[in-house]
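To start, the structure under review is shown below, and the notes come after it.
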Amino acid sequence: MLDDILLALLGGRDGSAWELMQRHDELFGGAHRMDIVRVMAAVTRLERAGFLRVDAAVPERMASGNRRTCSLTAAGRQRQRAWLCEFNPDVSVEDVYVRGMLAVQTADEETFETFVRNGLTATRVRMHTLTDDVAGAKAAFERETVRALALWLHQLPDHRAPRSAAG
């Protein structure tokens, strides 16, 4: 999932591995902190797979540790969109939350709208599998969690920052 999270973080703007790690920390807080070694390994994997381009170090970035800038390729943008917008029937609430937080901050308008629409469809499907006649605290908790997720998805567009016509 780390590779896809990094691709999503690059959807908003290019950045170095260090900057991607910082963006992640700002978005999700310290509880889900990423290790720079894992981020660098993921950047290398993504570059080799053709999902991102890593520019050569430039002199003006020398003061910041000579960090190389990563940017999405066309294949990387396609994979980013697919990961944000395609849901398996058994997608977890946590996975939808992570994708939603990334989509609200980094996705283009079309991808964001598709994410919300597909996320709501996935929660409706999940609700139909959770019948009210199944008793127990675990079933009740899951029903309420899915209801809360659907409400959050409905409200998510209200938390999206206005985008300029250029991007």
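In this text, all values refer to a predicted model and were calculated from it rather than measured experimentally.
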What distance separates Asp158 CG from Gln155 CD, expressed to the nearest 0.5 Å?
7.0 Å
What's the separation between atom CD in Glu26 and atom CE in Met21, rounded to the nearest 0.5 Å?
10.5 Å
Val54: partners by side chain to side chain contact (heavy atoms under 4.5 Å, CB included), with sequence neighbours left out:
Val43, Glu47, Leu52, Arg68, Cys70
Verdict with supporting geometry, Arg79 and Leu72, side-chain contact (heavy atoms from CB on, under 4.5 Å):
CA-CA 10 Å; Arg79 177 173 165 172; Leu72 289 176; over 6 Å; no
Least distance between heavy atoms, Ala8 atom then Leu84 atom:
CB-CD2, 4.4 Å
Steps toward side-chain hydrogen bond (donor to acceptor under 3.5 Å, both in side chains) verdict (Arg117, Thr114):
CA-CA 5 Å; Arg117 186 174 50 253; Thr114 303; 3.2 Å; yes
With side-chain contact (heavy atoms from CB on, under 4.5 Å) as the criterion, how do Glu19 and Asp14 come out once you've worked through the C-alpha distance, each side chain's angles and the decisive distance to 0.1 Å?
CA-CA 9 Å; Glu19 290 164 336; Asp14 298 348; over 6 Å; no
Test Val104 against Phe112 for side-chain contact (heavy atoms from CB on, under 4.5 Å), laying out the working first.
CA-CA 7 Å; Val104 80; Phe112 177 73; 4.0 Å; yes
Qualifying ring pair (Phe, Tyr, Trp, His ring centres under 6.0 Å) pairs, either residue in residues 139-160, two or more places apart
Tyr97-Trp152
When you look at Asn118 and Thr121, which way does the side-chain hydrogen bond (donor to acceptor under 3.5 Å, both in side chains) test go after all the steps?
CA-CA 5 Å; Asn118 292 354; Thr121 299; 5.1 Å; no
Tell me, do Arg160 and Glu109 make a side-chain contact under 4.5 Å, heavy atoms counted?
yes
I want to check something: taking the side chain as every heavy atom from C-beta on, are Leu6 and Met34 in contact at a cut-off of under 4.5 Å?
yes
Is Thr106 reaching over with its side chain to a backbone N or O of Leu102, donor-acceptor style, under 3.5 angstrom?
yes
Side-chain contact, heavy-atom cut-off 4.5 Å: Leu10 with Gln80?
no
Within 6.0 angstrom of Gln22 CD, more than 12 heavy atoms from elsewhere
yes
In Ile5, Leu7, Asp3, the residue satisfying side-chain contact (heavy atoms from CB on, under 4.5 Å) with Trp83 is Ile5
Could you list the residues that satisfy salt bridge (charged side-chain N to carboxylate O under 4.0 Å, His left out) with Asp95, not counting sequence neighbours?
Arg99
Provide the closest heavy-atom pair for Leu20 versus Leu9 in the form atom of the first, atom of the second, distance.
O-CD1, 3.5 Å
Does the side chain of Ile36 come within less than 4.5 Å of Trp18's, by heavy atoms?
yes
Close side-chain approach of Glu110 and Arg81, heavy atoms under 4.5 Å
yes
Looking at Ser16 and Thr69, would you say the former's side chain and the latter's main chain have a donor-acceptor pair under 3.5 Å?
no
Quick check on Met40: does its CE atom have over 12 non-hydrogen neighbours (other residues, nucleotides or ligands) under 6.0 Å away?
no
Any link between Leu151 and Phe115 through a network of hydrophobic side chains (Ile, Leu, Val, Met, Phe, Trp, Tyr) touching at under 4.5 Å?
no
At their closest point, which heavy atom of Val91 faces which heavy atom of Ala122, and how far apart are they?
CG1-CB, 4.4 Å
Which pair of non-hydrogen atoms, one from Arg23 and one from Arg13, has the smallest distance, and what is that distance?
NH1-O, 2.8 Å
Can you confirm whether Thr123 sits close enough to Arg147 that some side-chain heavy atom of one is under 4.5 Å from a side-chain heavy atom of the other?
no
Give me the atom names and distance for the closest heavy-atom approach of Asp35 to Val37.
OD1-N, 2.6 Å
If you compare all heavy atoms of Ala17 against all heavy atoms of Val39, which two are closest, and at what distance to 0.1 Å?
O-CG1, 3.6 Å
Using a cut-off of 6.0 Å, state whether more than 12 heavy atoms not belonging to Arg45 lie near its atom CZ.
yes
In Å and rounded to the nearest 0.5 Å, what is the CZ to OG1 distance from Arg126 to Thr145?
10.0 Å
Cluster overlap Val125 with Leu153, hydrophobic side-chain contacts below 4.5 Å:
no
